[in-house]
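Counting from 1, the numbers follow the sequence of the chain as shown.
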Amino acid sequence: MQELLFSVFPSENFVDLKLYQFGWERCTPAHAFGPAARTHFLFHYVISGTGTLLADDTSGHTNTYQIKSGQGFMIFPGQINTYVADKKLPWEYVWLEFDGLRAKEALSIAGLSPDTPVYHANSYEMRDTMMQEMLYIAKHGDMSPLHLIGHLYLFMDALTRSISSLRLTKGGRLRDFYIHEAIAFIDQNFQNDISVEEIADNCGLNRSYFSKIFKEAIGRTPQAFLLNYRMTKAAELLKLTQLSISDISKAVGYDNPLHFSRAYKNVYGVSPREWRNENRQINARS
């Protein structure tokens with residue numbers, strides 16, 4: 001007999017992380033969903049049982065993954081996928097559908113992508129913490145949006161730490177210190193015209209070595225991280241303030257609004273003005 005909890009999140013007034021829908025299900029044998037594509041990130045954690053995920057990678061090739069209890073799978077926006085419970089030992093899972101300006105960055109740190117969508121924990125303690133946060137959200141759909149978003153942050157923290165704990169400490173604690181110093185410097189100075197050389201100098205490292213350890217730890221180059229960080233801040237200002245495009249450009253380190261608009265379009269696919277108009281229309285409908 002199929003058992004199911006399902007809720008839809010009541011608010012979209014969150015920028016960094018948004019929650020769309022969530023639930024828990026004990027599936028019937030061979031229960032299937034798809035083929036389909038989502039518009040947001042959708043993560044399933046398998047509590048018991050087993051099943052199969054069929055998902056397209058970045059080249060458009062469909063890969064098949066066998067996923068069992070203690071593992072999970074991430075479905076990415078626009079990714080065609082199908083998932084099917086086992087006929088003899090169908091899975092029980094909990095899921096969250098989410099998005100936001102911080103989501104992609106966090107998943108990049110965790111190493112999850114359309115080419116590597118299966119969740120394998122390095123820390124079982126953090127994996128269990130993550131599962132408990134997911135179950136808490138699934139069982140408390142009547143709580144306030146702010147309360148649920150708080151637990152979504154705790155879930156995301158546990159997710160990234162459960163996967164990346166070994167990966168981030170591979171080079172030792174000293175390397176972690178350098179990465180934290182670099183990110184703190186970016187956070188404090190992104191609005192200025194800083195370069196990768198300046199970030200490396202702040203850490204006391206040469207640019208080549210700094211770039212190497214940064215990409216190993218974070219999953220992207222310092223240049224790409226800085227660009228994405230600035231565009232994330234710009235998107236927040238576009239959605240939450242009435243500042244002009246020119247003022248926002250300066251606020252995130254671009255003296256030339258044209259250069260800013262080009263960079264923003266490269267990241268989000270539309271100009272800053274178009275992005276602001278689209279999000280205002282979404283807010284008006286919610």
For [X] against [Y], the heavy-atom pair lying closest together:
X: Phe210; Y: Pro222; answer: CE2-CG, 3.7 Å
X: Val84; Y: Ala32; answer: CG2-CB, 3.8 Å
X: Phe260; Y: Pro272; answer: CE2-CG, 3.6 Å
X: Gly49; Y: Val46; answer: O-CG1, 3.8 Å
X: Gln66; Y: Gln71; answer: O-OE1, 3.9 Å
X: Leu17; Y: Ile149; answer: O-CD1, 3.6 Å

Whether the side chain of [X] engages the backbone of [Y] through a donor-acceptor N/O pair (distance < 3.5 Å, no angle test) should be reported.
X: Thr50; Y: Ile67; value: yes
X: Arg230; Y: Val252; value: yes
X: His140; Y: Tyr136; value: yes
X: Arg276; Y: Leu238; value: yes
X: Thr232; Y: Asn228; value: yes
X: Gln188; Y: Phe185; value: no

Just wondering, more than 12 heavy atoms not from [X] lying within 6.0 Å of its [atom1]?
X: Asp193; atom1: CG; value: no
X: Glu197; atom1: CD; value: yes
X: Asn192; atom1: CG; value: yes

Does Thr64 form a side-chain contact (heavy atoms from CB on, under 4.5 Å) with Leu53? I'd like the steps, not just the answer. CA-CA 6 Å; Thr64 301; Leu53 169 70; over 6 Å; no

For Asp56 and Thr62, what are the C-alpha separation, side-chain angles and deciding distance, and is it a side chain to side chain donor-acceptor pair (under 3.5 Å)? CA-CA 4 Å; Asp56 286 358; Thr62 301; 2.5 Å; yes

Any donor-acceptor N or O pair under 3.5 Å, side chains [X], [Y]:
X: Ser208; Y: Asn206; value: no
X: Ser113; Y: Thr116; value: yes
X: Asp115; Y: Thr58; value: yes
X: Tyr119; Y: Ser162; value: yes

Would you mind reporting whether [Y] and [X] have side-chain heavy atoms less than 4.5 Å apart?
X: Thr82; Y: Pro35; result: yes
X: Ser211; Y: Val196; result: yes
X: Tyr264; Y: Ser271; result: no
X: Gln79; Y: Arg38; result: no
X: Met134; Y: Met131; result: no
X: Val270; Y: Glu278; result: yes

Exercise for review: Determine, stepwise, if the pair Trp91 / Arg26 fulfils side-chain contact (heavy atoms from CB on, under 4.5 Å).
Suggested key: CA-CA 6 Å; Trp91 47 23; Arg26 181 176 288 120; over 6 Å; no

Cluster overlap [X] with [Y], hydrophobic side-chain contacts below 4.5 Å:
X: Ile80; Y: Met74; result: no
X: Tyr153; Y: Met130; result: yes
X: Leu54; Y: Leu42; result: no
X: Leu159; Y: Leu154; result: no
X: Trp24; Y: Leu148; result: yes

Using 0.5 Å steps for rounding, measure from the [atom1] atom of [X] to the [atom2] atom of [Y].
X: Asn256; Y: Ser246; atom1: CG; atom2: OG; answer: 9.0 Å
X: Glu198; Y: Ile186; atom1: CD; atom2: CD1; answer: 11.5 Å
X: Ile137; Y: Glu133; atom1: CD1; atom2: CD; answer: 6.5 Å
X: Ser123; Y: Arg161; atom1: OG; atom2: CZ; answer: 8.0 Å
X: Ile183; Y: Ile199; atom1: CD1; atom2: CD1; answer: 10.0 Å
X: Ile248; Y: Arg273; atom1: CD1; atom2: CZ; answer: 9.5 Å

Whether [X] and [Y] hold their rings parallel, tilted or perpendicular, with breakpoints at 30° and 60°:
X: Tyr93; Y: Phe73; result: perpendicular
X: Phe41; Y: Phe98; result: parallel
X: Phe155; Y: Phe43; result: tilted

Decide yes or no on side-chain contact (heavy atoms from CB on, under 4.5 Å) for Ile213 and Tyr178, but give the supporting numbers first. CA-CA 9 Å; Ile213 65 171; Tyr178 289 139; 4.1 Å; yes

### Query
When you look at His61 and Asn63, which way does the side chain to side chain donor-acceptor pair (under 3.5 Å) test go after all the steps?
CA-CA 6 Å; His61 180 264; Asn63 296 303; 3.0 Å; yes

task: Among Phe76, Phe22, Tyr20, find the one that has a ring-ring contact (aromatic ring centres under 6.0 Å, His included) with His40.
output: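 Result for ring-ring contact (aromatic ring centres under 6.0 Å, His included) with His40: Tyr20.
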
Trace of the side chain to side chain donor-acceptor pair (under 3.5 Å) decision for Thr129 with Gln132 = CA-CA 5 Å; Thr129 298; Gln132 292 303 323; over 6 Å; no

Chi angles and distances behind the side-chain contact (heavy atoms from CB on, under 4.5 Å) call for Ile194, Leu226: CA-CA 9 Å; Ile194 59 173; Leu226 177 60; 4.0 Å; yes

